[in-house]
Amino acid sequence: EKAAGLYERYFREWRAAREGAPRVATAKKGKKGKKAAPPAPAPAGKYEEKKANDAIINAAVFRAGLRDWPRAEAASLAYLETWPDGPDAPRLFLGLADVYRRQGQTAKELKQLQTYRSRYARDPDEWLAVTHRIALLLDVEDLLDAPERDDRLARVRERAAHLAHGPDEERRPRHER
């Protein structure tokens, strides 16, 4: 608990220092028409971006380990807001779906998985794994009649084959290539 709090604090203070540094305050007049002193700039180098990055990831992992789901969600969202294209963004994005599942927020979990699949799932195996999770979540067999279910599964298989082999490559088993 204490470690997660310290990690979150480091990240908050790094972000405040980063956001506070570039701001240019307009000089306001103080008493008797004199200009007020400009605010002191944030101390440079006090906080490092790499350490802040690691800190917020660690906070998210620790909070999830402590089953503090709302704060784990907040830490993950803070990372994604700050570094949307960061190297850990896909992992934390998918981790949010797990947090939503554990909180019983099925609609949020489904939306997170669908967004993850379209944004990050480039590997065919990964795409299929996420699609399988979505199908289980939707409980496809109970919601769809047989022809519609078969059509949807055929489209999933076709998409998986397209991802695995490419659009122009001859479709043959991998061991024969």
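Predicted, not measured: the structure shown is a model, and the values here were computed from it.
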Pair Arg122 + Glu126, salt bridge at N-O below 4.0 Å: no

Using residues 55-66 as the side-chain source, report each donor-acceptor pair under 3.5 Å to any protein atom, sequence neighbours left out, with the distance given to one decimal.
| residue | atom | partner | partner atom | Å |
| --- | --- | --- | --- | --- |
| Asn58 | ND2 | Asp54 | O | 3.3 |
| Arg63 | NE | Glu8 | OE2 | 3.0 |
| Arg63 | NH1 | Glu1 | OE1 | 3.1 |
| Arg63 | NH1 | Glu1 | OE2 | 3.0 |
| Arg63 | NH2 | Glu8 | OE1 | 2.9 |

Those residues that, when tested against Thr115, pass side chain to side chain contact (heavy atoms under 4.5 Å, CB included) (two or more places apart): Phe93, Lys111, Arg119

Salt bridge (charged side-chain N to carboxylate O under 4.0 Å, His left out) involving Arg101 - partner list, sequence neighbours excluded: Asp98

Atom pair CG (Leu92) and CD (Glu73), whose distance is rounded to the nearest 0.5 Å: 12.5 Å

Test side chain to side chain contact (heavy atoms under 4.5 Å, CB included) applied to Lys51 and Tyr7, step by step: CA-CA 9 Å; Lys51 287 183 180 179; Tyr7 283 132; over 6 Å; no

Atom pair CG (Leu113) and CG (Leu94), whose distance is rounded to the nearest 0.5 Å: 6.5 Å

Atom pair CD/CZ of Glu19 and Arg15 - distance to nearest 0.5 Å: 6.0 Å

Closest heavy-atom pair and its distance - Tyr10, Ala52: CE2-N, 3.5 Å

Verify same cluster id: Val130, Val99 (apolar side-chain graph, 4.5 Å): no

Atom pair CH2 (Trp69) and OH (Tyr100), whose distance is rounded to the nearest 0.5 Å: 13.0 Å

Salt bridge (charged side-chain N to carboxylate O under 4.0 Å, His left out) partners for Asp123, two or more places apart: none

Arg155: partners by salt bridge (charged side-chain N to carboxylate O under 4.0 Å, His left out), with sequence neighbours left out: Asp151

Contacts table for residues 80-90: side-chain donor-acceptor under 3.5 angstrom, sequence neighbours left out:
| residue | atom | partner | partner atom | Å |
| --- | --- | --- | --- | --- |
| Thr82 | OG1 | Ala78 | O | 2.8 |
| Trp83 | NE1 | Glu49 | OE2 | 2.7 |
| Asp88 | OD1 | Arg91 | NH2 | 3.1 |

Gap between atom CG of Leu138 and atom CZ of Arg133 - 0.5 Å precision: 12.5 Å

